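Sending over a structure as structure tokens; questions will come in a sec.
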Amino acid sequence: MKPARTRMAPSPTGRFHLGSARTALFDYLLARKTGGQFILRLEDTDQKRFVPGSEEEIMQSLDWLGITPDESPVHGGPYGPYRQTERREIYHRHARILVEKGYAYPCFCTPERLEKSRQQQQAQKVDRVKYDGLCRAIPPDLAAKRIVSGEKHVIRFKMPQDGVTTARDHLRGDIVTENKHLDDYVLLKSDGLPTYHLAAMVDDHEMQITHVLRGSEWLSTFPLHVNIVRAFGWDEPVWIHLSVFLKPSGKGKMSKRESAQAIKDGYSIFITDMKDLGYTPEGVLNWIALMGWGVPEDDVMTLEQMIERFNIDSLTPSPAAINFQKLDHFNGTHIRLMTNEDLSARLKPYFVAAGLNVRDETLLKVTPLIRERLVTLDDCLAFARFFFEEVVKPNPEDLVANGLDAKQSAMIARKSYEILSGLSDIAHAVVEPPMRAYVDASGYTAGQVFGILRVAVTGQKVSPPLFESMEIIGREKVLSRLRYAIELLDGM
RNA sequence: GCCCCCAUCGUCUAGUGGACUAGGACGCAGCCCUUUCAAGGCUACGACCGGGGUUCGAAUCCCCGUGGGGGCACCA
């Protein structure tokens with residue numbers, strides 16, 4: 001396959017979410033797979049809807065995911081500028097070409113007249129409200145004069161009024177639309193900026209985009225777009241319309257309300273939230289890759305493996321419901337795939353953020369003990385904070401073993417203390433045999449004896465393996481925590 | 001209202017006319033392992049939206065319904 005040039009073209013009007021991330025991922029995979037380039041282009045032609053900070057969020061999200069573009073407003077590239085507001089002249093030039101070739105025309109109708117026309121049509125209950133074509137009839141030389149005189153106008157595409165337009169989507173095949181259902185869409189707005197329809201087609205051509213991956217919301221204007229491209233006489237890219245993401249219930253698409261609910265549940269659809277929630281780029285990437293892509297082999301993939309296996313033919317056209325449990329699964333799986341050093345380094349910030357004093361040497365020993373217990377990175381706090389705390393304060397009730405009372409539990413704790421303090425070394429291999437021997441001799445269960453010890457030493461009922469943990473905590477701390485636990489039990 | 005798209009287990013999907021007793025993954029249930037919680041292993045449950053065609057034969061092709069989604073802007 002020839003090197004593909006793909007592009008992700010978000011508008012800086014809101015937050016960067018799952019859907020955008022998936023499009024970017026597929027763009028990236030296709031470019032990497034074929035040895036081509038992945039381009040980021042900012043579609044900022046609607047200054048009314050511009051949201052400050054959203055450009056930064058887009059870049060940050062892409063960087064964090066590890067799918068950085070080859071060409072972009074910040075990285076530059078041979079086809080720039082990559083911000084549409086900086087490309088006005090290019091669009092004007094192309095709009096002029098279309099007008100000259102008779103594929104477009106200036107329209108002087110005011111918003112008020114348009115609104116009136118719309119209302120009339122609605123009153124007549126027409127099937128499709130559209131531009132009434134008043135300015136289509138203005139002779140070109142007269143229109144030119146009005147433009148020169150400074151009259152405000154837009155440029156509209158002259159849509160064929162009969163016949164059909166056949167547009168080919170790579171996933172859906174030919175989509176045939178009767179032209180009478182289409183409209184004379186505005187190409188150039190009266191503020192001098194292009195609409196998406198003109199800008200995207202011009203830029204995709206100028207930037208030599210070979211494959212356009214975009215959301216299925218563009219399907220309805222797809223015929224317009226191919227008409228524009230054909231009017232210019234350009235080669236068409238391969239068009240791929242990706243389906244939308246549905247809310248977890250599968251009933252309806254993701255909405256503002258739904259994304260708020262996700263956040264309440266401890267999840268998010270926004271990429272820049274993922275890090276704080278303890279998700280890894282690997283987990284998120286793997287998760288979104290599988291929505292809309294039928295991978296026949298192993299579901300678990302690294303970015304490299306995705307590149308190897310990627311193929312636009314195995315993309316799917318149907319909408320996919322978001323499943324956060326699956327995100328958890330992939331996140332945990334990728335955590336378990338990491339090297340000890342890598343995982344430790346990624347865990348550290350969460351301990352530091354919690355105000356704990358973390359020694360790298362200790363963390364390196366702790367990590368193997370908790371890795372298969374982690375679903376998200378920040379779970380490390382729940383499992384391992386006691387390693388880095390001076391003292392632990394167990395809930396006294398938790399110190400009482402199942403089926404026993406405080407007195408019996410205190411007795412077991414004392415006996416354990418006796419055994420442990422009699423040993424000069426607290427290494428796992430040294431401690432376990434005598435403790436097991438005690439369990440066997442005492443008539444209590446391992447669960448009871450070790451349970452008391454666990455709560456005493458870690459302060460929690462659920463913890464990493466006990467003996468390995470004690471070894472890391474160290475003899476002195478283990479013994480002092482045990483003494484404290486005995487005090488608590490005696491005081492009950 | 002009109003136009004367009006989509007339709008396999010609860011969810012993500014494999015399947016491109018016979019290899020389908022419809023495969024995998026998540027979740028769910030059980031068992032094994034086990035000092036807690038996990039991880040891991042094994043097993044179970046679980047689907048071709050409905051109706052018509054085409055064909056010797058349909059999850060696969062066609063039509064009609066139904067359901068879901070998108071669009072009908074000087075927004076993208």
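All chains are named by letter (A, B, ...) in the order of the sequence lines, taking the proteins before the strands, and each is independently numbered beginning at 1. Because the structure is a prediction, the values reported are computed rather than measured.
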Separation between CG of A:Leu182 and OG1 of A:Thr221, rounded to the nearest 0.5 Å: 9.0 Å
For B:C48 and B:U8, measure between their C1' atoms and round to the nearest Å. 4 Å
Under 4.0 Å between a side-chain N/O of A:Arg454 and OP1 or OP2 of B:C37, yes or no? no
Mark yes when over 12 heavy atoms from residues, nucleotides or ligands other than A:Arg93 sit less than 6.0 Å from its CZ; otherwise mark no. yes
Please work out if A:Gly215 contacts a base, only the sugar-phosphate, or nothing of the nucleic acid, heavy-atom cut-off 4.0 Å. nothing
Between B:C49 and B:G23, how far apart are the P atoms? Round to whole Å, please. 16 Å
Taking NE2 from A:His225 and P from B:C75, how many angstroms apart are they, rounded to a whole number? 13 Å
So what does A:Leu466 hit on the nucleic acid, given a heavy-atom distance under 4.0 Å: a base, only sugar-phosphate, or nothing? base
A:Tyr185 atom OH is separated from B:A76 atom C1', nearest whole Å, by 14 Å
Find the partner of B:A44: check Watson-Crick (N1-N3 plus N6-O4 or O6-N4) and G-U wobble (N1-O2, O6-N3) distances, both under 3.5 Å, and reply none if neither fits. none
Measure the distance from CG on A:Leu224 to C1' on B:C72 and round it to the nearest whole Å. 12 Å
Separation of B:C72 C1' from A:Met159 CE (nearest whole Å): 13 Å
Under 3.5 Å, which protein N or O atoms sit close to an N or O of nucleotides 44-47 of chain B? Give each pair with its distance.
none

Have A:Asp44 and A:Thr85 got a donor and an acceptor in their side chains that come within less than 3.5 Å? yes
Over all strands shown, is A:Leu114 touching base, sugar-phosphate only, or nothing at heavy-atom distances under 4.0 angstrom? base
Map A:Val154 and A:Leu246 onto RNA chain B by nearest heavy atom, then report which one ends up closer to the 5' terminus. A:Leu246
Could you report the tightest heavy-atom contact between A:Gln460 and A:Ala382, atom names first, then the distance? OE1-O, 3.1 Å
Contact class for A:Trp218 vs. all strands (heavy atom < 4.0 Å): base, sugar-phosphate, or nothing? base
Euclidean distance, atom CD1 of residue A:Ile322 to atom C1' of B:G10 [Å, nearest integer]: 16 Å
Partner of B:G1 under the Watson-Crick or G-U wobble criteria, both distances under 3.5 Å, comes out as B:C72
Would you check if there is a donor-acceptor pair between the side chains of A:Asp265 and A:Gln261 at a distance under 3.5 Å? yes
What contact category does A:Gly332 fall into here, base, sugar-phosphate, or nothing, at under 4.0 angstrom with non-hydrogen atoms? nothing
Toward the 5' end of RNA chain B, by each residue's nearest nucleotide, A:Val462 or A:Arg49: A:Val462
I'd like to know whether the aromatic ring centres of A:Phe157 and A:His197 sit less than 6.0 Å apart in this structure. no
For A:Arg156 and B:C74, is the shortest distance between a side-chain N/O and OP1 or OP2 below 4.0 Å? yes
Describe the nucleic acid contact of A:Thr45 in one word from base, sugar-phosphate, nothing, applying a heavy-atom distance below 4.0 Å. sugar-phosphate
Does A:Gly451 reach a base, just sugar-phosphate, or nothing at all? Heavy atoms under 4.0 Å. nothing
Does any nucleotide pair with B:G50 by Watson-Crick or G-U wobble geometry, both distances under 3.5 Å, and what is it? B:C64
With a 4.0 Å cut-off on heavy atoms, is A:Pro368 in touch with a base, just the backbone sugar-phosphate, or nothing at all? nothing
Interatomic spacing from OG1 in A:Thr165 to CG in A:Asn179 - rounded to 0.5 Å: 3.5 Å
Nearest-angstrom distance, P atom, B:G69 to B:C74: 26 Å
Look for any protein N or O under 3.5 Å of an N or O in nucleotides 2-9 of chain B and output each such pair with its distance, or none.
| residue | atom | partner | partner atom | Å |
| --- | --- | --- | --- | --- |
| B:C5 | O2' | A:Arg172 | NH1 | 2.3 |

Between A:Asp203 and A:Tyr82, is there a side-chain donor-acceptor contact under 3.5 Å, judged purely by atom types and distance? no
Distance-only polar pair, side chains of A:Glu57 and A:Ser61, donor-acceptor under 3.5 Å: no
Do you know the tightest heavy-atom contact between A:Thr316 and A:Ser243? O-OG, 4.4 Å
At under 4.0 Å between heavy atoms, what does A:Val129 touch on the DNA or RNA strands: base, sugar-phosphate, or nothing? sugar-phosphate
State whether A:Lys189 places a side-chain N or O below 4.0 Å from either non-bridging phosphate oxygen (OP1 or OP2) of B:C75. yes
As its Watson-Crick or G-U partner within any shown strand, both distances under 3.5 Å, B:U21 has none
Base, sugar-phosphate, or nothing: which does A:Pro223 touch, judged by heavy atoms less than 4.0 Å apart? nothing
Answer with base, sugar-phosphate or nothing: what part of the nucleic acid does A:Phe467 contact at a heavy-atom distance below 4.0 Å? base
Roughly, in whole Å, what's the span from CG in A:Leu182 to P in B:A73? 12 Å
A:Met435 has an atom CE; how far is it from atom P of B:U35, in whole Å? 13 Å
Taking atom C1' in both B:U21 and B:G15, compute the distance separating them and give it to the nearest angstrom. 16 Å
Mate of B:C26 across any strand shown (Watson-Crick or G-U wobble, both atom pairs under 3.5 Å) is B:G10
Need one value for A:Lys48: base, sugar-phosphate or nothing, where a base atom within 4.0 Å counts as base even if backbone is also close, heavy atoms only. sugar-phosphate
Hydrogens and angles aside, do A:Tyr103 and A:Asn227 bring a side-chain donor and acceptor to less than 3.5 Å of each other? no
Between B:G10 and B:U54, how far apart are the two C1' atoms, rounded to whole Å? 34 Å
Please measure how far the P atom in B:A29 lies from the corresponding atom in B:U34, and state the result in whole Å. 23 Å
Inter-residue atom distance A:Gln84.CD - A:Asp46.CG, 0.5 Å rounding: 11.5 Å
Any idea which of B:U11, B:U35, B:A39 is nearest the A:Asn323 side chain? B:U11
Separation of the P atoms in B:C2 and B:U60, to the nearest angstrom: 28 Å
Looking across every strand, which nucleic acid part, if any, lies under 4.0 Å from A:Thr316 by heavy atom: base, sugar-phosphate, or nothing? sugar-phosphate
Between A:Gln119 and A:Glu115: side-chain donor-acceptor atoms closer than 3.5 Å: yes
Using a heavy-atom cut-off of 4.0 Å across all strands, would you classify A:Thr195 as base, sugar-phosphate, or nothing? sugar-phosphate
Contact under 4.0 Å: A:Arg371 side-chain N or O vs B:A39 OP1/OP2: no
If we take the C1' atom in both B:C4 and B:C9, what is their distance in whole Å? 29 Å
Is the closest side-chain donor-acceptor distance between A:Thr376 and A:Asn331 under 3.5 Å? no
Below 4.0 angstrom from OP1 or OP2 of B:G70, is there any side-chain N or O of A:Lys253? yes
Whole-Å distance between B:G1 C1' and A:Lys130 NZ? 15 Å
